[in-house]
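Naming convention: chains lettered A, B, ... in sequence-line order (proteins, then strands); numbering from 1 in each chain.
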Amino acid sequence: MASNKPSVPKGTRDFSPVEMVRRNYIFDTIKSVFRKYGYQEIQTPSMENLSTLTGKYGDEGDKLIFKILNSGDFWGEAEKQQQKAEAFQFSSRSLLPVLSEKALRYDLTVPFARYVVMHQNEISFPFKRFQIQPVWRADRPQKGRYREFYQCDADVVGSESLLNEAEFVLIYQEALSKLGLRDFTIKINNRKILTGIAEIIGKPELIVDMTVAIDKIDKIGLDGVEKELLERGFTSGDIEMLRPVILLKGDNAEKLEKLKAVLEPTSVGKAGIKEIETIFDYLARLSSSSLPNVELDITLARGLNYYTGAIFEVKTNEVAMGSIGGGGRYDDLTGMFGLKGLTGAGISFGADRIYDVLDELKLFPEQSSEITKVLITNFDQDAEKYALPLLFSFRNKGIAAELYPSAAKIKKQMAYADSKNIPFVLLIGSEEIQSGELTLKDMKSGQQEKLTKEELIKKLS
RNA sequence: GUGGUUUUAGCUCAGUUGGUUAGAGCGCCUGAUUGUGGUUCAGGAGGUCGUGGGUUCGAGCCCCAUAUUCCACCCCA
């Protein structure tokens with residue numbers, strides 16, 4: 001086994017030139033919309049202190065954090081610990097802080113919260129930031145799920161206005177439309193409504209179990225949800241009360257009316273309804289058309305523990321794929337880092353899933369693989385010498401140009417231009433050098449014409 | 001973390017009950033065309049059959065382990 005076949009770690013990928021063009025198209029589109037709504041870009045390190053990340057994503061989440069092994073003699077450190085404290089027992093739990101104190105970023109929201117706390121004195125609130133960087137999860141890969149993937153987050157901290165939530169809907173709407181998606185659903189819900197429902201049933205402590213179960217309605221159906229609710233500690237009486245809420249039908253206004261009646265006894269539930277109404281009201285004033293793909297979905301829960309108000313999730317209906325975006329309001333995210341009373345709200349686009357969707361729907365624009373405008377052929381040393389100042393002039397005028405780097409066969413040089421999708425090839429042989437009229441070939445039509453340097457620059461600019 | 005699945009040429013895939021020298025299409029290289037790509041024609045190179053063990057006279061094919069791919073569950077973008 002001297003020579004291993006090279007490979008990349010499970011769930012990671014290389015991105016070749018064509019893929020990068022397409023990925024940047026996605027990033028640039030999303031970025032331009034973020035900027036349009038007043039969000040500024042930041043970046044944070046790929047790794048964070050492990051203590052920054054642990055405990056923020058729940059037990060399931062913590063397991064998926066990629067931990068970085070300490071450098072140096074960690075085994076010696078472990079033994080030193082044991083000598084110092086007799087009570088120190090070797091176990092996965094006790095050894096972890098000795099073996100690892102850094103970890104790869106799991107999402108962009110928690111590092112952002114850390115950033116806000118560390119930079120609170122330089123930041124003027126409300127602070128609107130966006131961030132596009134990879135995150136890592138030690139998950140088992142499958143369709144649309146990678147161990148390294150990019151998130152595109154926009155978050156605002158220090159503003160409790162529901163205008164932010166309304167604008168998030170518009171950002172989703174605009175960015176996804178720009179990318180060519182037509183049939184997608186922006187689902188919206190409110191944690192307070194879910195809390196209200198749990199209160200009415202009289203099981204507020206089981207709210208997480210309730211939401212996890214009803215979130216699966218699309219997947220496992222009503223019977224499955226009811227079965228899971230029973231397993232999670234609800235009685236059949238509770239389920240009787242829940243059923244009409246889960247099966248809520250109609251358009252957004254109708255759903256709101258029905259919910260209002262159900263949630264009348266709970267102040268928190270009513271507050272949730274009011275928030276949704278306010279967001280819809282903002283949206284009605286902020287957009288020219290009604291937004292047909294915004295849908296109030298009471299079964300939308302999302303896993304993350306820290307959402308307290310609005311919850312978003314975006315799904316495409318054109319391809320079978322998990323959610324391509326999500327987000328929500330979290331009242332006290334920075335509290336875990338010691339800065340209390342700062343509210344935040346944010347959304348995320350899953351760039352890799354969006355890529356897979358656009359790829360499957362063949363929605364990537366065609367022209368994008370053309371980069372170099374003109375290739376100058378290389379006949380021999382004399383021609384190369386003649387070509388260099390010309391190459392310089394082309395680039396000076398902003399024309400993307402290449403000189404073939406060796407005097408290879410013209411056939412090969414033409415094939416190179418063809419494979420790279422270069423639209424023009426300039427042929428400079430002894431004839432052209434003498435006359436000063438150079439042969440420009442249009443690769444698409446196959447036509448050739450003789451042009452002077454000035455004419456070339458004019459034509460290629 | 002649980003259950004299943006995939007892996008054969010650069011790519012997409014054939015390969016019979018275990019039997020000589022493992023095939024195709026596309027791509028690549030060379031030539032027809034020493035100054036012309038994408039079309040055509042002729043020729044050519046390229047394979048530790050994912051990896052490591054085992055069974056067998058003999059393994060791409062059977063068994064074990066491991067990696068990887070994809071899928072479902074959990075959870076999530």
Side-chain angles (χ1 to χ4, degrees), chain A residues 1-13 16 26 30 57-65 105-109 132-153 172 208 211-213 215-216 219-220 224 228 300-305 312-316 320-328 346-357 375 377-380 383 404 407-433 438-448:
Chain A
M1 273 278 293
S3 70
N4 262 331
K5 260 189 187 158
S7 63
V8 294
K10 188 200 291 203
T12 67
R13 297 140 314 145
S16 294
I26 293 173
I30 293 172
Y57 308 108
D59 288 343
E60 288 294 327
D62 281 359
K63 279 187 215 156
L64 300 181
I65 295 172
R105 191 199 294 127
Y106 177 88
D107 72 354
L108 301 179
T109 309
I132 296 180
Q133 288 189 275
V135 303
W136 292 269
R137 295 187 188 174
D139 211 344
R140 193 177 283 206
Q142 50 175 287
K143 186 180 173 74
R145 178 178 299 192
Y146 306 99
R147 297 181 112 180
E148 178 183 61
F149 62 98
Y150 278 68
Q151 288 190 328
C152 315
D153 274 30
Y172 272 135
V208 172
T211 55
V212 168
D215 192 37
K216 293 179 191 164
K219 216 174 198 172
I220 60 178
E228 185 151 346
L300 168 62
R302 300 195 52 78
L304 292 178
N305 312 331
F312 301 106
E313 182 165 279
V314 185
K315 295 202 66 174
T316 169
M321 176 67 69
S323 65
I324 55 175
I347 51 166
S348 179
F349 288 81
D352 302 80
R353 283 187 178 175
I354 291 172
Y355 183 101
D356 290 345
V357 170
L375 175 81
T377 55
N378 191 329
F379 276 78
D380 51 36
Y404 198 87
K409 286 184 180 154
I410 294 309
K411 190 180 164 78
K412 186 162 172 68
Q413 301 190 30
M414 298 293 280
Y416 172 81
D418 189 50
S419 75
K420 240 183 129 175
N421 227 340
I422 298 173
F424 294 100
V425 172
L426 188 61
L427 295 133
I428 306 176
S430 52
E431 223 177 89
E432 282 86 354
I433 292 176
L438 312 178
T439 303
L440 184 72
K441 175 160 183 164
D442 181 329
M443 292 297 275
K444 205 161 182 189
S445 66
Q447 303 270 311
Q448 300 190 174

Base, sugar-phosphate alone, or nothing: which one does [X] contact when heavy atoms must sit under 4.0 Å apart?
X: A/Ile324; value: sugar-phosphate
X: A/Ser323; value: sugar-phosphate
X: A/Lys216; value: sugar-phosphate
X: A/Gly325; value: sugar-phosphate
X: A/Tyr146; value: base
X: A/Gln142; value: base
X: A/Gly61; value: nothing
X: A/Val212; value: sugar-phosphate
X: A/Gly327; value: nothing
X: A/Gly58; value: nothing
X: A/Glu313; value: nothing
X: A/Ala415; value: sugar-phosphate

What about [X]: does its side chain form a donor-acceptor pair under 3.5 Å with the base of [N]?
X: A/Arg140; N: B/C76; answer: no
X: A/Arg145; N: B/C75; answer: yes
X: A/Asp418; N: B/G37; answer: yes
X: A/Gln413; N: B/U36; answer: no

### Message
Under a plain distance cut-off of 3.5 Å, with no hydrogens placed, do A/Thr439 and A/Gln448 share a side-chain donor-acceptor pair?
### Response
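Their side chains do not contain a donor-acceptor pair, so the 3.5 Å distance test is not met.
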
### Task
Sort out for me which residue in A/Val135, A/Val8, A/Thr12 forms a side chain to side chain contact (heavy atoms under 4.5 Å, CB included) with A/Glu148.
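Single pass found, and it is A/Thr12.
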
### Query
Between atom CD of A/Gln151 and atom CZ of A/Arg353, what is the distance when rounded to the nearest 0.5 Å?
10.0 Å

Could you give the [atom1]-to-[atom2] distance, from [X] to [N], as a whole number of Å?
X: A/Arg13; N: B/U68; atom1: CZ; atom2: P; answer: 16 Å
X: A/Leu64; N: B/U2; atom1: CG; atom2: P; answer: 14 Å
X: A/Leu375; N: B/G37; atom1: CG; atom2: P; answer: 14 Å
X: A/Lys412; N: B/G38; atom1: NZ; atom2: P; answer: 12 Å
X: A/Lys143; N: B/C74; atom1: NZ; atom2: P; answer: 18 Å
X: A/Met443; N: B/G35; atom1: CE; atom2: C1'; answer: 14 Å
X: A/Glu228; N: B/C74; atom1: CD; atom2: C1'; answer: 10 Å
X: A/Ile220; N: B/C74; atom1: CD1; atom2: C1'; answer: 12 Å

### Short side-chain N/O contact from A/Lys409 to OP1 or OP2 of B/U36, under 4.0 Å
no

### Message
Taking only side-chain N and O atoms of A/Lys219, does any of them lie within less than 4.0 angstrom of OP1 or OP2 on B/C73?
### Response
yes

Candidate nucleotides [options], ranked by approach to the side chain of [X] - the nearest:
X: A/Leu427; options: B/G38, B/A77, B/U36; value: B/U36
X: A/Lys441; options: B/G37, B/C76, B/A72; value: B/G37
X: A/Gln448; options: B/G35, B/G37, B/U36; value: B/U36
X: A/Arg137; options: B/C70, B/C73, B/A77; value: B/A77

### Query
So, A/Phe379 and B/G35: ring centres less than 5.5 Å apart, planes less than 30° off, yes or no?
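The ring of A/Phe379 is not stacked on B/G35.
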
### Query
Using the P atom in both, what is the distance from B/G1 to B/G46, to the nearest Å?
42 Å

### 5'-most by nearest nucleotide on RNA chain B - A/Phe149 or A/Pro141
A/Pro141

### Message
Need the pair for B/G60. Rule: Watson-Crick or G-U wobble, both distances under 3.5 Å, any strand; none if unpaired.
### Response
none

